[in-house]
Amino acid sequence: MAPHPSPRSEKGDYPWWLVALAIIGIILAIVIVTNGIYAQVFQTVVNGVWVTVFVTVVAFALATALGLGIALLGLSDSVVLRQISRFYIEVNRGIPMLVLLFYVAFVGAPGIVAAYNFLIAPLVKAGAAEPILVRDLSLMWRAIIALMIGYSSFIAEVFRAGIQSVDHGQIEAAKALGLSRYHRFRLVVFPQAIKVIFPPLSNDFVSMVKDSSLVSVLGVSDITQMGKVYASGSFRFFETYSIVTYIYLILTIGLSLALRRVEMRMRRTRGR
């Protein structure tokens with residue numbers, strides 16, 4: 001069983017930084033309520049919160065699924081699959097997220113549409129389907145695809161490290177019990193690996209909340225884009241970007257605290 005922290009260490013680790021941030025946050029909330037200009041900015045910028053949340057959640061869910069698949073390819077017995085996995089990871093990790101966003105939006109999207117139309121060409125001739133245009137693939141989904149591709153390479157490495165951290169002896173014992181490869185992974189490997197995977201995976205989730213602001217370069221109406229449009233029209237840059245910063249801090253710090261609580265519960269369970 002893991003040793004309990006002493007009262008002295010608990011007192012030393014008291015989150016005074018969080019208290020200070022909470023006080024600042026309350027003061028800013030009062031300013032927003034009482035000041036007409038800040039209230040107007042807030043009402044405009046907050047309209048982009050749901051877009052930011054949607055882009056982040058969907059892109060991260062897709063990136064996690066793709067990253068797990070890439071990690072499993074990298075751990076397979078086939079050298080070809082391992083090399084494909086490594087190629088995918090190294091290429092995507094070497095491309096800046098903003099460049100990847102532009103590439104997917106303006107190069108990848110037309111390619112996807114062209115490939116789709118090529119595949120359904122027989123159906124189009126038969127009158128059973130209609131070809132799609134590049135504009136039919138919205139900029140929001142292009143941004144989601146770019147974030148999914150970019151983050152999946154980092155998440156794949158997180159999964160790989162977590163899976164490889166499981167004691168090989170337990171895997172051999174599961175083989176001796178006659179468990180299939182799928183059941184060994186689901187019942188033995190993954191439940192233990194997730195405790196190692198969760199902390200860096202949660203950090204990637206918080207990072208994606210921040211990187212989702214990059215979608216504003218495509219005109220997607222997230223928090224940053226709403227602030228950019230308001231500031232360019234009103235020239236109130238200080239008030240606007242103070243509010244934008246305030247909202248992002250609420251999202252990222254609130255999410256970090258929630259994920260940290262989940263991590264602590266997992267540690268207690270592991271200690272038992």
Side-chain angles (χ1 to χ4, degrees), residues 5 9-35 37-65 67 97 140 143-144 146-148 150-152 154-155 158 162 194-216 220-231 238-270:
S9 64
E10 288 180 355
K11 184 177 180 181
D13 291 336
Y14 190 80
W16 291 109
W17 64 271
L18 183 58
V19 174
L21 282 175
I23 293 172
I24 295 172
I26 292 171
I27 294 173
L28 289 175
I30 294 172
V31 171
I32 292 171
V33 171
T34 58
N35 188 295
I37 295 175
Y38 280 94
Q40 185 178 9
V41 174
F42 181 82
Q43 290 172 1
T44 302
V45 174
V46 79
N47 291 325
V49 169
W50 296 115
V51 174
T52 294
V53 172
F54 178 80
V55 168
T56 301
V57 172
V58 174
F60 190 79
L62 294 174
T64 300
M97 189 62 68
M140 178 185 293
I144 288 173
L147 289 172
M148 174 194 71
Y151 268 80
S152 63
F154 294 97
I155 292 175
V158 171
I194 191 61
K195 297 174 182 179
V196 178
I197 291 168
F198 187 80
L201 196 63
S202 62
N203 287 337
D204 284 339
F205 190 25
V206 175
S207 295
M208 185 174 280
V209 174
K210 296 185 293 182
D211 280 348
S212 68
S213 63
L214 294 174
V215 306
S216 63
V220 179
S221 299
D222 70 324
I223 296 171
T224 304
Q225 176 66 10
M226 297 301 291
K228 187 192 303 182
V229 171
Y230 185 89
F238 175 80
E239 295 87 345
T240 301
Y241 287 109
S242 295
I243 295 295
V244 169
T245 302
Y246 177 65
I247 294 175
Y248 272 115
L249 283 174
I250 291 175
L251 291 175
T252 55
I253 294 177
L255 183 60
S256 295
L257 293 175
L259 293 172
R260 192 172 301 172
R261 183 175 292 274
V262 174
E263 182 183 343
M264 290 174 64
R265 288 182 179 178
M266 293 176 68
R267 286 181 178 176
R268 293 192 192 104
T269 302
R270 187 178 183 179

- Say you draw a straight line from CG of D211 to OG1 of T56; how long is it, rounded to the nearest 0.5 Å? 9.0 Å

- Item | K210 backbone acceptor or donor facing S213 side chain under 3.5 Å | yes

- Smallest separation among heavy atoms of V196 and G162, with atom names: CG1-CA, 4.1 Å

- Within a strict 4.5 Å, meaning less than it, do heavy atoms of the V51 and V215 side chains meet? no

- Query: Does the side chain of I247 come within less than 4.5 Å of F42's, by heavy atoms?
  - Reply: yes

- Query: Below 4.5 Å, heavy atoms only, C-beta onward: do Y241 and K228 meet side chain to side chain?
  - Reply: yes

- Task: Check whether any side-chain heavy atom of L257 lies under 4.5 Å from a side-chain heavy atom of L18, and answer yes or no.
- Result: yes

- Message: Please report the interatomic distance CD1(I155) to CG(L62), rounded to the nearest 0.5 Å.
- Response: 10.0 Å

- Do you know which two heavy atoms are closest between L21 and I253, and how far apart they sit? CD1-CD1, 3.5 Å

- Query: What heavy-atom pair brings D222 and S212 nearest, and what distance separates the two atoms?
  - Reply: OD2-O, 3.5 Å

- Item | Heavy-atom check, side chain of F154 versus side chain of P200, under 4.5 Å | no

- Message: side-chain contact (heavy atoms from CB on, under 4.5 Å) for V55 and M140? Distances and angles first, verdict last.
- Response: CA-CA 8 Å; V55 168; M140 178 185 293; 4.0 Å; yes

- Message: As an exercise, state the distance from CD1 of I243 to OG1 of T44, rounded to the nearest 0.5 Å.
- Response: 10.5 Å

- Using a 4.5 Å cut-off on heavy atoms from C-beta on, say whether the side chain of V49 contacts that of M226. no

- Message: Would you say that D204 contacts M208 through its side chain, given a criterion of any heavy-atom pair below 4.5 Å between the two side chains?
- Response: no

- Query: So, the side chain of Y38 versus the backbone of V33: is there a donor-acceptor pair under 3.5 Å, distance only?
  - Reply: no

- Message: Under a 3.5 Å threshold, yes or no: a donor from one side chain and an acceptor from the other, between T224 and Y248?
- Response: yes

- Nearest heavy-atom contact between Y246 and A29 is OH-CB, 3.6 Å

- Can you name the nearest heavy-atom pair linking I32 to A39, along with the distance? O-CB, 3.2 Å

- With rounding to the nearest 0.5 Å, note down the distance linking OG in S202 to CD1 in I197. 12.0 Å

- Message: List the residues meeting ring-ring contact (aromatic ring centres under 6.0 Å, His included) with F60, not counting sequence neighbours, and say none if there are none.
- Response: F205

- Message: For A59 versus L147, what's the shortest heavy-atom pair and its separation?
- Response: CB-CB, 3.8 Å

